[in-house]
Amino acid sequence: MRLAHVSLVVADYDAAIAWYCGKLGFTLVSDEYQPAQDKRWVVIAPPGAGSDGTTILLARAATPEQASCVGNQAGGRVFLFLETDDFWRDYRAYQAAGVRFTREPATAPYGTVAVFEDLYGNRWDLIEYRQAPTAD
């Protein structure tokens, strides 16, 4: 088994696609209209995710209850963790693209991390994990 998709409730499909693909460099995997439910099946993937990586399903809020969760899917905590193989490259690129960081980069025993917010205010970790030493 594997985790296939994580659903992210958004206010608008097109604004979310533009932000994630334009600012974070995600790939638009699928954008298909579902007429029976009057919604779109919109799937995005982080750069380098490959065909078997976990993707994000952008789910437009359809009720007031769902709309109240946009931007606060984790109750103010970090919701998603975006792993990178080059923290400083991606941190600088995201800064240049206008991504708002709410916690500056820090080095911890597990790696280098900074917190940013997406267009709705959901918090993300940008993280490069420290590689564990290998035995000789």
Side-chain angles (χ1 to χ4, degrees):
M1 289 187 194
R2 69 180 183 88
L3 188 61
H5 309 290
V6 173
S7 181
L8 181 62
V9 181
V10 300
D12 180 81
Y13 291 119
D14 295 322
I17 292 167
W19 197 88
Y20 286 105
C21 294
K23 291 190 181 284
L24 299 186
F26 279 44
T27 300
L28 180 61
V29 175
S30 178
D31 185 354
E32 301 169 11
Y33 181 62
Q34 306 286 312
Q37 296 145 345
D38 190 30
K39 67 179 185 178
R40 287 160 61 185
W41 180 260
V42 179
V43 177
I44 59 173
S51 61
D52 62 348
T54 301
T55 58
I56 295 176
L57 172 68
L58 300 177
R60 186 190 61 192
T63 67
E65 181 182 12
Q66 291 171 6
S68 72
C69 295
V70 173
N72 193 28
Q73 290 200 193
R77 297 193 59 141
V78 169
F79 175 54
L80 296 166
F81 298 76
L82 186 58
E83 182 180 358
T84 176
D85 63 352
D86 187 333
F87 177 87
W88 292 106
R89 174 198 65 210
D90 294 330
Y91 175 77
R92 288 183 188 105
Y94 287 177
Q95 280 189 310
V99 173
R100 187 170 97 75
F101 282 85
T102 60
R103 192 173 313 143
E104 293 303 312
T107 301
Y110 55 83
T112 304
V113 63
V115 178
F116 68 91
E117 290 184 347
D118 67 17
L119 74 164
Y120 297 113
N122 293 300
R123 292 182 179 188
W124 292 63
D125 270 1
L126 175 64
I127 186 165
E128 181 180 359
Y129 289 105
R130 184 176 313 235
Q131 294 183 354
T134 58
D136 289 321

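All of these numbers come straight from a predicted model, not from anything done at the bench.
- Using the six-membered ring where Trp is involved, Tyr91 and Trp88 have ring planes that are perpendicular, over 60° apart on the 30 and 60° scheme.
- Here the shortest heavy-atom pairing between Tyr33 and Lys39 reads CD1-O, 3.4 Å.
- Summarising the local packing, CD of Glu65 is surrounded by 12 or fewer heavy atoms from other residues, nucleotides or ligands at distances under 6.0 Å.
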Margin query: side-chain contact (heavy atoms from CB on, under 4.5 Å) for Asp12 and Arg60? Distances and angles first, verdict last.
Written below: CA-CA 6 Å; Asp12 180 81; Arg60 186 190 61 192; over 6 Å; no

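- A heavy-atom distance below 4.5 Å is found between the side chains of Val99 and Leu24.
- Counting heavy atoms from C-beta outward, Trp19 and Asp14 have side chains that stay 4.5 Å or more apart.
- Within the 4.5 Å cutoff, no side-chain heavy atoms of Cys21 are placed close to those of Thr27.
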Note to self: Run the salt bridge (charged side-chain N to carboxylate O under 4.0 Å, His left out) test on Arg40 and Asp31 for me, step by step, so that the C-alpha distance in whole Å, both residues' side-chain angles and the decisive distance to 0.1 Å come before the verdict.
What the structure shows: CA-CA 6 Å; Arg40 287 160 61 185; Asp31 185 354; 2.7 Å; yes

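- Side chains of Leu28 and Ile17 form a contact here, defined as non-hydrogen atoms less than 4.5 Å apart.
- Counting heavy-atom neighbours within 6.0 Å of Arg89 CZ, excluding the residue itself, gives a total above 12.
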Next item on the list: Determine, step by step, whether Phe79 and Asp118 satisfy the side-chain contact (heavy atoms from CB on, under 4.5 Å) criterion, reporting the C-alpha distance in whole Å, the side-chain angles of both residues, the deciding distance to 0.1 Å, and the verdict.
Entry: CA-CA 11 Å; Phe79 175 54; Asp118 67 17; over 6 Å; no

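- Nearest heavy-atom pair across Arg130 and Ala108 is NH2-O, 3.0 Å.
- Under the 4.5 Å side-chain contact rule for hydrophobic residues, Trp41 and Val29 share a cluster.
- Under a hydrophobic-cluster definition in which Ile, Leu, Val, Met, Phe, Trp and Tyr are linked whenever side-chain heavy atoms come within less than 4.5 Å, directly or via other members, Phe116 and Ile127 are assigned to different clusters.
- Side-chain contact check for Leu58 versus Val43: every heavy-atom pair is 4.5 Å or farther apart.
- Between Asp86 and Arg92 there is no salt bridge, since none of the side-chain N atoms of the basic residue sits less than 4.0 Å from a carboxylate O of the acidic one.
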Check: After noting the C-alpha distance and the side-chain angles of Leu57 and Val6, does the key distance pass the side-chain contact (heavy atoms from CB on, under 4.5 Å) rule?
Finding: CA-CA 6 Å; Leu57 172 68; Val6 173; over 6 Å; no

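- In this structure, the side chains of Pro105 and Val113 stay at 4.5 Å or more apart for every pair of heavy atoms.
- Between Tyr20 and Leu8 there is a side-chain heavy-atom pair separated by less than 4.5 Å.
- Put simply, OG1 on Thr55 and NE2 on His5 are 4.5 Å apart, with the number rounded to the nearest 0.5 Å.
- Looking at every heavy atom in both residues, Pro47 comes nearest to Gly25 through CG-O, 3.3 Å.
- Looking at every heavy atom in both residues, Arg77 comes nearest to Arg123 through O-CB, 3.9 Å.
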Next item on the list: Might you work through the side-chain contact (heavy atoms from CB on, under 4.5 Å) test for Val115 and Val78, ending with a clear yes or no?
Entry: CA-CA 8 Å; Val115 178; Val78 169; 4.2 Å; yes

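- A distance of 11.0 Å separates OH in Tyr120 from CD in Gln73, rounded to the nearest 0.5 Å.
- In this pair, Phe26 and Trp124 present their aromatic rings perpendicular. The plane angle is above 60°, beyond the 30 to 60° band.
- Each of Ile56, Asn122, Asp125 was evaluated against Leu80; a single residue qualifies, Ile56, per the side-chain contact (heavy atoms from CB on, under 4.5 Å) test.
- Considering only heavy atoms from C-beta on, Phe101 comes within 4.5 Å of Tyr94 through its side chain.
- Side-chain atoms of Thr54 come within 3.5 Å of backbone atoms of Leu3 as a donor-acceptor pair (strictly under, hydrogens ignored).
- Taken from CG in Leu82 to CG in Leu126, the straight-line distance is 6.0 Å, to the nearest 0.5 Å.
- Remark: side-chain polar atoms of Glu128 are paired, donor with acceptor, to backbone N or O of Phe87 under 3.5 angstrom.
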